[in-house]
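Remarks on the structure that follows.
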Amino acid sequence: MILKVVLTRMLTDALGRRISYLRISVVDACNLRCVYCMPAHGMHFTKFSKLMSPREIGIISSAAASLGTTTIRITGGEPLVRQDIEEIAAEIAEAGIRDIPISTNGIFLEQHAEALASSGVTRANVSLDTLNAERFRSITRGGDIQRVLNGIEAAERSGIWPIKLNTVLMKGVNTDELVELAEFALTRGYSIRFIEMMPLKNNVDFQQELFFPAALAKRKLSSRFTLHPSNESTGQGPAVYYNVEGYEGKIGFITPLSGNFCSRCNRVRITSDGRLRMCLFGDNMLDIVGIIRSGGGEKEVADALRHAIAGKPERHFLDIGKTSSETLYSMSQIGG
Ligand code: SAM
Ligand code: SF4
């Protein structure tokens, strides 16, 4: 009986995919300018006063929780550029969400780690594309790798666990370091995911030039590690994971171009301007924060979520060479 009640609460789209995971981009601004994500100059970000407030995020989280959402990821832009980030995490926790991962570039993680952990953040994904300080500065256009490494350690000390590293594959830029990056992660008990670079509003030529398929990354890694397919790969979102003999952490690959993962999609996103986005690369969006700003509450938001998610698109078309229209959002607005 209890099982039946829980199942009828679950959000399911028209294709029967159970949507239990919401990603919220809490800000589009960032303190870095990674070459694959943003141009060096000319980005226009939403004014902080126009972003979703912690309370608005709390209402959305309660609505999502009432529909069976179990995980809400805080992402961006760079979520830690928001002064009220702990308040946001606390609102999500208060809504009854127990699994609250954060995606961060790690630069401000050291000073926030403890407060994040006590506000309810459970685990972290940290971007790390290289272990070389000069290369890091060049890829991120100015970032200091030491701060990221300190941030990762601080997160671990604060009990934020597990930690996953995210590495975007860039041919000739960091593909000579894949084994070292994996060793760095695995010897510390972290997992690492290698991500194929996606074409975005700002990087189309660059992306074509530097694209490196995950299959080649896997081949390089297999020369050093023994990989066995992991159960974590099935039904859990886009990454395909491998257990690594001798280590607890896993190696994962995210293949938006070389392998479509939409049939096991379990997520929807809220963009930094408060729109529900059903697919990473689909343009159909619903102004969720607008519902709250025009007087709606948790019930109205839950109704809108249920209705919109029923129409979640079947798939994106990146793997067959199509991006969405010229209304492409930047990755920082969508939240990765
Ligand atoms: N600022 C945080 C960070 O860098 O981790 C969180 C937001 S970032 C948009 C989320 C993820 O998107 C990061 O792992 C980043 O590497 C990835 N990303 C950004 N642009 C990408 C692209 N063009 N292709 C593939 N992944 C990308
Ligand atoms: Fe900022 Fe993350 Fe984009 Fe890099 S990938 S520019 S850290 S949002």
Side-chain angles (χ1 to χ4, degrees), residues 23-43 45-46 73-82 85 101-109 112 116 121 123-130 136-145 147-148 151-152 155 163-171 173-174 181 185 191-214 217 237-239 252-258 261 267 269-272 277 280-281 316 318-319 323-324 328-336:
R23 298 173 66 98
I24 303 185
S25 175
V26 297
V27 62
D28 51 350
C30 186
N31 51 336
L32 299 179
R33 292 287 180 280
C34 300
V35 287
Y36 46 75
C37 182
M38 294 189 192
H41 306 286
M43 285 298 288
F45 298 119
T46 313
R73 175 176 296 276
I74 300 172
T75 177
E78 174 48 41
L80 300 186
V81 303
R82 274 190 77 152
I85 193 67
I102 191 165
S103 292
T104 171
N105 62 33
I107 295 279
F108 296 139
L109 191 51
H112 281 281
L116 285 172
V121 169
R123 51 195 176 99
N125 287 8
V126 184
S127 286
L128 190 64
D129 299 321
T130 176
F136 185 83
R137 202 177 300 285
S138 149
I139 294 170
T140 58
R141 299 200 182 94
D144 175 357
I145 195 171
R147 295 183 65 175
V148 180
I152 295 172
I163 290 173
K164 290 181 185 165
L165 304 182
N166 280 344
T167 302
V168 175
L169 294 164
M170 287 170 275
K171 185 169 65 186
V173 175
N174 64 354
L181 279 158
S191 292
I192 183 164
R193 290 117 50 92
F194 295 96
I195 308 174
E196 288 178 350
M197 196 198 299
M198 293 179 262
L200 298 169
K201 184 158 85 172
N202 303 310
N203 75 357
V204 174
D205 292 344
F206 179 80
Q207 189 272 341
Q208 282 182 359
E209 203 182 313
L210 297 191
F211 180 75
F212 191 83
F253 299 95
I254 302 185
T255 57
L257 285 101
S258 70
F261 41 65
R267 62 200 55 200
R269 298 170 159 80
I270 296 192
T271 58
S272 54
R277 189 172 171 108
L280 178 58
F281 284 99
H316 69 70
L318 268 188
D319 52 324
T323 55
S324 58
L328 271 177
Y329 267 38
S330 65
M331 195 57 110
S332 57
Q333 288 170 300
I334 307 170

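First listed ligand is number 1; within each ligand, the first listed atom is number 1. These numbers were taken from a predicted model, which means no experiment stands behind them. The residues of the chain are indexed from 1 along the displayed sequence.
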Location of contacts on Thr104 toward ligand 1, heavy atoms closer than 4.0 Å: backbone
Taking only heavy atoms of Thr75, which atoms of ligand 1 are found under 4.0 Å from at least one of them? 6 (C), 7 (C)
With a 4.0 Å cut-off on heavy atoms, does Gln207 reach ligand 1? no
Is the closest heavy-atom distance from Gly77 to ligand 1 below 4.0 Å? yes
Numbering the atoms of ligand 1 from 1, which are under 4.0 Å from a heavy atom of Val168? 16 (O), 26 (N)
Using modelled atom types and a 3.5 Å cut-off, is there a donor and acceptor pairing between side-chain atoms of Arg82 and backbone atoms of Val26? yes
Result for side chain to side chain contact (heavy atoms under 4.5 Å, CB included) between Met197 and one of Leu169, Val168, Val173 points to Val168
Under a 3.5 Å threshold, yes or no: a donor from one side chain and an acceptor from the other, between Glu78 and Asn105? yes
Give the numbers and elements of all ligand 1 atoms closer than 4.0 Å to a heavy atom of Ile195. 25 (C), 26 (N)
Numbering the atoms of ligand 1 from 1, which are under 4.0 Å from a heavy atom of Asn105? 2 (C), 3 (C), 5 (O)
Arg23, any N or O under 3.5 Å of ligand 1 N or O: no
Candidates Cys34, Pro79, Ser103, Cys30; heavy atom nearest atom 1 (Fe) of ligand 2 found on Cys30
Per-atom contacts of ligand 2 with Asn105, taking only distances under 4.0 Å to non-hydrogen atoms: 7 (S)
Around atom 3 (Fe) of ligand 2, find the nearest protein heavy atom and jot down its residue, atom name and distance. Cys37 SG, 2.4 Å
Does Arg141 use its side chain to pair, donor to acceptor, with the backbone of Arg33 at less than 3.5 Å? yes
Using a strict 4.0 Å cut-off to heavy atoms of Asn166, name the atoms of ligand 1 that fall inside it. 14 (O)
Is Cys30 near ligand 1, meaning one of its heavy atoms is under 4.0 Å from it? no
Any nitrogen or oxygen of Ser103 lying under 3.5 Å from a nitrogen or oxygen in ligand 1? Just yes or no. no
Would you check whether Tyr36 has a nitrogen or oxygen atom less than 3.5 angstrom from a nitrogen or oxygen atom of ligand 1? yes
Is the closest side-chain donor-acceptor distance between Asn174 and Thr130 under 3.5 Å? no
Full working for side chain to side chain contact (heavy atoms under 4.5 Å, CB included) between Met170 and Ile139: CA-CA 10 Å; Met170 287 170 275; Ile139 294 170; 4.0 Å; yes
Donor-acceptor pair between Ser103 and Arg73 side chains, under 3.5 angstrom: yes
Please walk me through it: do Arg193 and Asn125 pass side chain to side chain contact (heavy atoms under 4.5 Å, CB included)? CA-CA 10 Å; Arg193 290 117 50 92; Asn125 287 8; 3.3 Å; yes
In terms of heavy-atom contacts, Ala185 and Ser191 come closest through CB-O, 4.2 Å
Would you check whether Ser127 has a nitrogen or oxygen atom less than 3.5 angstrom from a nitrogen or oxygen atom of ligand 1? yes
Which atoms of ligand 2 sit under 4.0 Å from any heavy atom of Gly77? 8 (S)
Closest non-hydrogen atom pair, Gly143 against Leu32: CA-CD2, 3.6 Å
Check for a donor-acceptor pair, side chain of Thr167 on one end and backbone N or O of Leu128 on the other, with a separation under 3.5 Å. yes
